[in-house]
There are 2 protein chains.
Amino acid sequence: MPRIARYSKTAMAERLVTVFKTYGYEGASLSLLADAVELSKASLYHHYPKGKEQIAAHALAYSGARLQRYVLAPLTGDGDGRTRLRQSLDGVASYYDGDMPVCLMNSLLLGEGRLLFGEQIKGAVSAWRRELARAANDAGIAQATQWAEQAIERIQGALVLCRVEGRRAPLDQCLEKLTQV
Amino acid sequence: MPRIARYSKTAMAERLVTVFKTYGYEGASLSLLADAVELSKASLYHHYPKGKEQIAAHALAYSGARLQRYVLAPLTGDGDGRTRLRQSLDGVASYYDGDMPVCLMNSLLLGEGRLLFGEQIKGAVSAWRRELARAANDAGIAQATQWAEQAIERIQGALVLCRVEGRRAPLDQCLEKLTQV
DNA sequence: GTCTATACACCGATAGAC
DNA sequence: GTCTATCGGTGTATAGAC
């Protein structure tokens, strides 16, 4: 059964990310990944010659670029601290999209994914914490480093609750409270 | 190669839980599970005739009993609210043990595990939130329901950071701050 | 109650036609 | 650039010896 639909590189990445979010590294089989982009497994290998690990690496890179765009970029610069914080928290809501938002980095930390991508994920979270603390400090928040740590903690916890409850309300409520600081 | 070592039912459950925490439902293969208890795959089927799903169900039940014992039991009763909260938070530190604590319920929410155990996990978290809110209310905390929600949120977020950083410091620091309320 | 041996499906990956 | 067909390996699960 030849497949007709075509997805752009970006649309493909989005769909592949969704599979890894939902199933984790081990659970995301090539069959599931191929189905998600409506291609055969062999065609997937045309786009990703090195196979599953390369697909996951590209998914992670794509997700990392979105984190940079939506969450980190608003934090940089030397504008008003509170404005930067507010814009970044709005970006968090965009970055974690969908009716049941899931953190790809969290899903990829299970099993073999941890060995392959653990250090990269650790670095991304570290960068997030650093920039968030800098903006919080510029915003005049006391103990900015601790505040940033707790903010990320609460966002990640809200995402866990989103997965438990199957809805995005916990994340939106969490972001609203964080914005009120 | 016949295996000699024997583990008690409890020791077996603990080791099986560890595998599901580390690899998730899909990633926890029967080979890994059998290795963890030093039995052959066929011997595992003697203890769990219905196979992997039954092993995961037992692991989840065992973990649920520990949650009840360490975290929920201290919250019940009608003693001093703050004492109950403090004892339960101590229990959280015991429940999430090891050098890199991981929440089994979180790991089992990926992939097929969500279909099999999602409702059960949702119920367990709901019970935790309910009892925590009741104790917080008895302790005279304003907006006890919101406080309980945020406490669970922060604990789960700290556990995510523990997995990212590969250590238990984020959880211990989180629990210390929560106890200071 | 443990094991070896095996069955059959699916896994990740490749060859080669079109 | 897509596909069908296939490979060797591993997955879950079972049969039957001891």
For residues 75-82 of chain B, run the donor-acceptor check on the side chains, cut-off 3.5 Å, and write out each pair with its distance to 0.1 Å, sequence neighbours left out.
unit_1  : atom_1 : unit_2   : atom_2 : d
B:Thr76 : OG1    : B:Ala73  : O      : 2.9
B:Asp80 : OD2    : B:Arg82  : N      : 3.4
B:Asp80 : OD2    : B:Thr83  : N      : 3.0
B:Asp80 : OD2    : B:Thr83  : OG1    : 2.8
B:Arg82 : NH1    : B:Val181 : O      : 2.9

Would you mind reading off the distance between [X] atom [atom1] and [N] atom [atom2], rounded to a whole angstrom?
X       : N      : atom1 : atom2 : answer
B:Ile55 : D:dT12 : CD1   : P     : 9 Å
B:His46 : D:dA15 : NE2   : C1'   : 16 Å
A:Leu44 : D:dT4  : CG    : P     : 14 Å

Close approaches to DNA chain C from residues 104-117 of chain B, in residue order (heavy atom, under 4.0 Å):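 Within residues 104-117 of chain B, no residue comes under 4.0 Å of DNA chain C.
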
Partners passing side-chain contact (heavy atoms from CB on, under 4.5 Å) against B:Asn137 (at least two apart in sequence or in another chain):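 Testing B:Asn137 for side-chain contact (heavy atoms from CB on, under 4.5 Å), a comparison that skips the adjacent residues, returns B:Ala144.
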
Which residues share a side-chain contact (heavy atoms from CB on, under 4.5 Å) with B:Cys162, sequence neighbours left out: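 B:Cys162 satisfies side-chain contact (heavy atoms from CB on, under 4.5 Å) with B:Pro101, B:Pro170, B:Leu171 once adjacent residues are dropped.
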
Between [X] and [N], is there a contact of a side-chain N or O with OP1 or OP2 at under 4.0 Å?
X       : N     : answer
A:Arg6  : D:dG1 : no
A:Ser43 : D:dC3 : yes
B:Ser40 : C:dT2 : no

Summary of protein contacts for nucleotides 11-18 of chain C, nucleotide by nucleotide, where a base hit scores B, a sugar-phosphate-only hit scores S (4.0 Å, heavy atoms): SBBBB---

Over 12 non-hydrogen atoms of neighbours within 6.0 angstrom of OH in B:Tyr23: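 Counting neighbours around OH of B:Tyr23, 12 or fewer heavy atoms of other residues, nucleotides or ligands fall under 6.0 Å, so no.
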
Gap between atom CG of B:Leu104 and atom CG of B:Leu109 - 0.5 Å precision: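 Reported value, rounded in 0.5 Å steps: 9.5 Å.
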
Hey, can you pull the donor-acceptor pairs under 3.5 Å for the side chains in residues 51-60 of chain B, sequence neighbours left out?
unit_1  : atom_1 : unit_2  : atom_2 : d
B:Lys52 : NZ     : B:Tyr25 : O      : 2.8
B:Lys52 : NZ     : B:Glu26 : O      : 3.4
B:Lys52 : NZ     : B:Ala28 : O      : 3.1
B:Gln54 : OE1    : B:Lys50 : N      : 2.8
B:His58 : ND1    : B:Tyr48 : OH     : 2.9

